[in-house]
Each structure stands twice: as structure tokens, then as C-alpha cells.
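Working notes, beginning with the structure itself.
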Amino acid sequence: MSLDTVLNRIDEDLDAALERLMALLRIPSISTDPAYAADCDAAADWLVADLQSLGVDARKCPTPGHPMVMGTIDGPGPHLLFYGHYDVQPVDPLDLWDRDPFDPQIEDTPKGRVIRGRGAADDKGQLMTFIEACRAWKAVHGTLPCKITFFLEGEEESGSPSLVPFMTDHADALKADLALICDTGLFDSRVPAITTMLRGLLGEEITITGPTKDLHSGMYGGAAMNPIRVLARIIAALHDDSGRITVPGFYDGVPEISDELRAQWDGLGFDAARFLGDVGLSSPAGETGRSALEMIWSRPTCEVNGISGGYAGAGFKTVLPSKASAKISFRLVGDQDPHALRESFREMVRAMVPADCSVEFHGHGASKAGNFDTSAPAFEAARQALSDEWPDPAAYIGCGGSIPIAGHFLNIAETTPMLIGFGKDDDQIHSPNEKYDLESFHKGTRSWARVLDALTREAG
Ligand code: BES
Ligand code: ZN
């Protein structure tokens with residue numbers, strides 16, 4: 001009876017659960033922008049209060065950046081750790097939103113009902129699926145099925161600067177039988193997933209300086225080196241004609257996937273044409289001879305995420321700028337070493353800077369790829385539990401995004417990460433009009449109840 005009772009409770013409480021999520025979504029906890037520091041703090045306070053209402057001894061733990069939220073609730077079964085992040089990405093460009101990003105709303109769309117607002121999918125909606133499953137369990141049973149430690153971060157979207165020192169200081173408290181992370185997606189709307197591969201990330205910002213000041217491009221153009229021209233040449237040189245990245249040593253540590261994994265991925269029936277078609281594209285832009293699924297899951301990339309310099313406002317201005325800069329990120333796989341690649345990239349760039357120009361570097365995050373072992377019986381138990389909730393059986397999948405903490409759980413807290421999430425490819429995370437399907441939220445909450453039940457049974 002017990003699991004069904006919890007599932008029914010989740011169904012009955014859905015409207016109230018949505019109200020709670022809306023309250024959290026209204027807090028603009030943009031971690032990368034210091035102007036929103038008080039809002040990050042408010043989101044942490046909100047979560048502390050919500051967890052306390054479940055009987056968790058939750059508290060806000062200060063860091064040099066935004067606070068962590070931590071707390072444990074006792075229970076009989078295994079000790080599970082749950083991780084999610086309460087911070088969100090900036091909302092710009094604001095004019096591309098159809099509504100105020102922090103005034104969330106339920107919308108009817110041709111594909112079903114969605115929760116629209118910044119953070120709905122990444123990651124507030126996802127983290128609340130777990131909390132709501134716990135709430136329902138507690139309401140039905142008076143206790144939780146197992147001991148659970150909650151660990152919620154407020155700096156994930158800005159590279160987690162405080163995370164490693166904090167985890168190192170609290171390694172004992174973070175040690176558990178399993179670390180559940182809810183920040184990934186479904187394979188598709190029928191197929192739930194456990195993510196077993198994440199790409200690493202290396203961020204670099206480069207600024208090229210030419211003349212000491214902005215110049216009239218008629219008066220000086222031709223004689224003065226234009227830093228945008230230098231920057232464009234560098235960016236253009238990062239890929240060759242076959243889509244490979246030209247940074248020396250870049251492919252050191254990049255493995256070929258095993259035949260077994262290739263066969264398993266082939267079996268997923270990934271529809272590359274639809275994946276690209278949904279965003280108005282038709283031909284995969286990565287290395288020649290690779291499938292689109294390989295390009296996003298098992299091959300490394302180099303992307304320019306932003307570029308600035310000169311005049312980009314309305315109208316036209318004949319300026320020859322003093323500076324030009326670009327933000328460039330690399331997604332890493334296998335054993336690629338972010339620190340070695342940072343050096344190699346910088347060296348390559350320095351060699352391309354002509355006389356009279358200089359380059360400055362600003363490094364951002366550096367995390368290795370993760371490849372997680374799923375041989376523990378808990379994985380099969382969780383996979384089965386997910387399969388019970390969704391139309392089709394759950395799959396083990398890769399993920400093109402990066403969640404550095406998954407590796408830290410393993411290395412710092414000696415705890416195996418298990419990544420389960422309910423996002424969809426069209427959630428527009430990090431973009432205008434982010435949404436989370438009501439189905440993701442509802443079935444996601446039900447999925448966690450099933451997973452908690454399965455993991456407790458499996459351990460007992
Ligand atoms: N939730 C995402 C990771 C993700 C992306 C999962 C795509 C599933 C599909 C996470 O919040 C994120 O965006 N991470 C950043 C890395 C961070 C170090 C800035 C990313 O992947 O860019
Ligand atoms: Zn996220």
C-alpha cells in the first residue's frame with residue numbers, strides 16, 4: 001500500500017506543490033550578478049524554511065560567495081545525499097522573453113502545460129521534485145524511508161567558486177551511500193534516464209588590445225592594427241575544415257567510445273534530424289564522420305559564447321576600437337586535462353598576436369569530464385523505479401552539459417553520484433522563455449518517490 005499512498009498524495013497535493021515552486025521562482029537568484037546577492041540569500045532562506053517544515057535540521061551555511069543550504073533528516077534506510085542548485089542564469093536578452101522571467105505562470109501550449117519562468121527547469125523545478133516527493137512521503141508515513149542529507153548550492157551557474165573548499169571542509173557530513181543529483185534531463189518525453197557521462201568545461205576570456213584608445217577608422221585605418229581583426233583571426237583558427245579543434249594536444253585523453261556503448265546508444269534511436277530541426281537547423285556542425293549524438297555526448301568542443309568590441313549599437317560608427325574580447329568555452333571528455341589545455345590554448349593565442357597588440361587572459365571554470373560507474377545494484381533498482389513511472393523503460397545516457405559536483409562527490413566525499421532529472425531538450429534552459437513541463441514536475445516528483453522506495457528496499 002505504502003508507495004501507492006505516497007503517489008496518490010503527490011497527485012492530490014500537486015496544486016499546492018506548484019504554488020510552492022512559484023514562490024521560489026519569484027526570487028531572482030541570479031548568482032553571477034552581484035546585484036542579486038540579496039536575492040540569492042533570500043532563496044536560500046526560503047529553502048531552509050521549507051526543509052525545516054519537513055523536519056530537516058536545515059541551515060544556511062555561509063561561503064565567500066552565496067550560501068549553501070544543508071540539513072539532514074534521520075530515517076531507517078540507507079543514507080542518501082540530495083544535491084540541487086537554487087541559483088539561476090541571467091535573463092538577458094530580456095526583450096526576447098514573452099513575460100517577466102520572475103513572474104512565473106502556468107501556460108497551456110500545443111505540447112502541453114508548462115511552468116514558464118527563469119529557473120523553472122534549471123534547477124528550481126527539478127530540485128523541488130525531490131523535496132515534494134519527500135514532503136508527500138513524510139505526510140503519509142510521518143517519517144522518510146531513509147536518512148537524507150540535503151545539499152543545495154547557490155553558485156552552480158557561476159562556476160561554483162566556493163564548492164570545492166566547502167565540500168572539503170564538510171567532507172564527512174557529505175559522505176553518504178549515494179549522491180542523488182537532480183539537474184539533468186529525460187532522454188525524451190517517453191524515456192526517463194540516468195545520466196552516466198558528463199562533459200567537463202574549461203572557460204577562457206581573452207582580450208586583445210591594439211591602440212591605446214579608440215580611433216577614427218578613416219584617420220588611422222590601414223596603419224593601425226584593429227584588435228577585432230586579430231580576435232577574428234584567432235577565433236577562426238580554433239577549428240579546421242573538418243571541425244576538429246586545433247589547440248595543440250587538444251585530443252590527448254579523448255577516447256573512442258566502446259563498441260558496447262555505441263551499440264547501446266544506437267539502440268536509443270536518437271532522432272538527430274528532429275533534434276536539430278526543432279531549433280531550425282539541419283546539419284550537424286561537429287567533426288566530419290561523427291554522429292550528432294557523439295558530438296553532444298562523447299566528443300569535445302570549442303564554442304565562442306560571446307564576443308565584444310567596437311560599436312554594436314544602433315546605426316553606424318566608423319571606429320577602430322582599442323580592445324576586442326571573446327568568451328570561449330571548451331567541453332571536455334574522457335581524460336582531457338583542463339589545466340594543461342588552458343596553457344596550450346594561451347600559448348596558441350599568444351603566438352597569433354601581432355606586433356603592437358597584446359593579449360590578456362581571464363580564466364573561468366576548469367572541470368574534468370565525468371564517467372560514472374553504474375555497477376552498484378542501486379542503479380538497476382533506480383532504473384526499474386523510473387521505468388515504472390514513464391511510458392518506456394529508462395535508459396543510461398550521456399549529457400553534453402557539465403555538472404562538476406558529480407566528480408567532486410566521488411573524489412572529495414567518496415560517494416557515488418546518481419544523476420536523475422526530468423528536463424527536456426526544448427526547456428530553453430539558460431535562454432529566454434525557459435520552461436519546465438508540468439508533466440516533468442509531476443511525474444518527476446512521482447519518480448523520486450518510486451526511486452526512494454526502490455533504493456530503500458534494495459539496501460534493506
Ligand atoms: N543543468 C545544467 C547542466 C545540464 C545542461 C544538464 C544540459 C542537462 C542538459 C547546469 O546547471 C549547467 O548549466 N551547467 C553549466 C556548467 C557550469 C560550470 C557553468 C554548463 O553546463 O554550462
Ligand atoms: Zn543546472
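Order of listing sets the numbers, starting from 1, for every ligand and every atom in it.
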Basic-acidic side-chain contact under 4.0 Å: Arg118, Glu157:
no
Contacting atoms of ligand 1, where contact means under 4.0 angstrom from a heavy atom of Glu157
11 (O), 12 (C), 13 (O)
Classify the angle between the aromatic ring planes of Phe345 and Phe361 as parallel (below 30°), tilted (30 to 60°) or perpendicular (above 60°).
perpendicular
Phe250 ring center within less than 6.0 Å of Phe330 ring center:
yes
Taking atom 21 (O) of ligand 1 as the point of reference, which of Gln89, Arg199, Arg331, Gln126 owns the nearest heavy atom?
Arg331
Using heavy atoms and a 4.0 Å limit, tell me yes or no: is His430 in contact with ligand 1?
yes
Parallel, tilted or perpendicular: ring planes of Phe187 versus Phe270, cut at 30 and 60 degrees
tilted
Checking a contact table here: which protein heavy atom is nearest atom 7 (C) of ligand 1, and how many Å away?
Ile429 CD1, 3.9 Å
Proximity winner for atom 16 (C) of ligand 1, if only heavy atoms of Gly159, Gly365, Ser402 are counted:
Ser402
Against heavy atoms of Gly401, which atoms of ligand 1 measure under 4.0 Å?
5 (C), 21 (O)
Distance-only side-chain donor-acceptor flag, Tyr86 / Glu153, under 3.5 Å:
no
Name, closest N/O/S atom of Asp122 to the Zn ion (ligand 2):
OD1
Give me the residue, atom name and distance of the protein heavy atom closest to atom 18 (C) of ligand 1.
Leu201 CD2, 3.8 Å
Could you check atom 9 (C) of ligand 1 against the protein and tell me its nearest heavy-atom contact, residue, atom and distance included?
Cys399 SG, 3.8 Å
Tyr251 six-ring face occupied by Arg244 cation (under 6.0 Å, within 45°):
yes
Using 2.8 Å as a strict upper limit, say whether an N, O or S atom of Glu156 approaches the Zn ion (ligand 2) that closely.
no
Determine the sole option in Thr129, Asp11, Asp388 for which the side chain to side chain donor-acceptor pair (under 3.5 Å) test with Arg446 is passed.
Asp11
Minimum-distance N/O/S atom that Asp183 presents toward the Zn ion (ligand 2)
OD1
Below 4.0 Å, non-hydrogen atoms only: which portion of Asp123 touches ligand 1? Side chain, backbone, both or neither.
neither
Have a look at ligand 1 and work out which part of Asp122, if any, has a heavy atom under 4.0 Å from it: side chain, backbone, both or neither.
side chain
Do the ring centers of Phe151 and Phe82 come within less than 6.0 Å of each other?
no
For His364 and His362, take the angle between the two ring planes, folded into 0 to 90°, and tell me which bin it lands in: parallel under 30, tilted 30 to 60, perpendicular over 60.
perpendicular
Nearest heavy atom to atom 12 (C) of ligand 1, choosing from His364, Glu156, Glu153, His85, belongs to Glu156
Between Arg99 and Gln105, do the side chains contain an N or O donor and an N or O acceptor separated by less than 3.5 Å?
yes
Give the residue and atom name of whichever protein heavy atom lies nearest to atom 1 (N) of ligand 1, and the separation in Å to one decimal.
Asp183 OD1, 2.8 Å
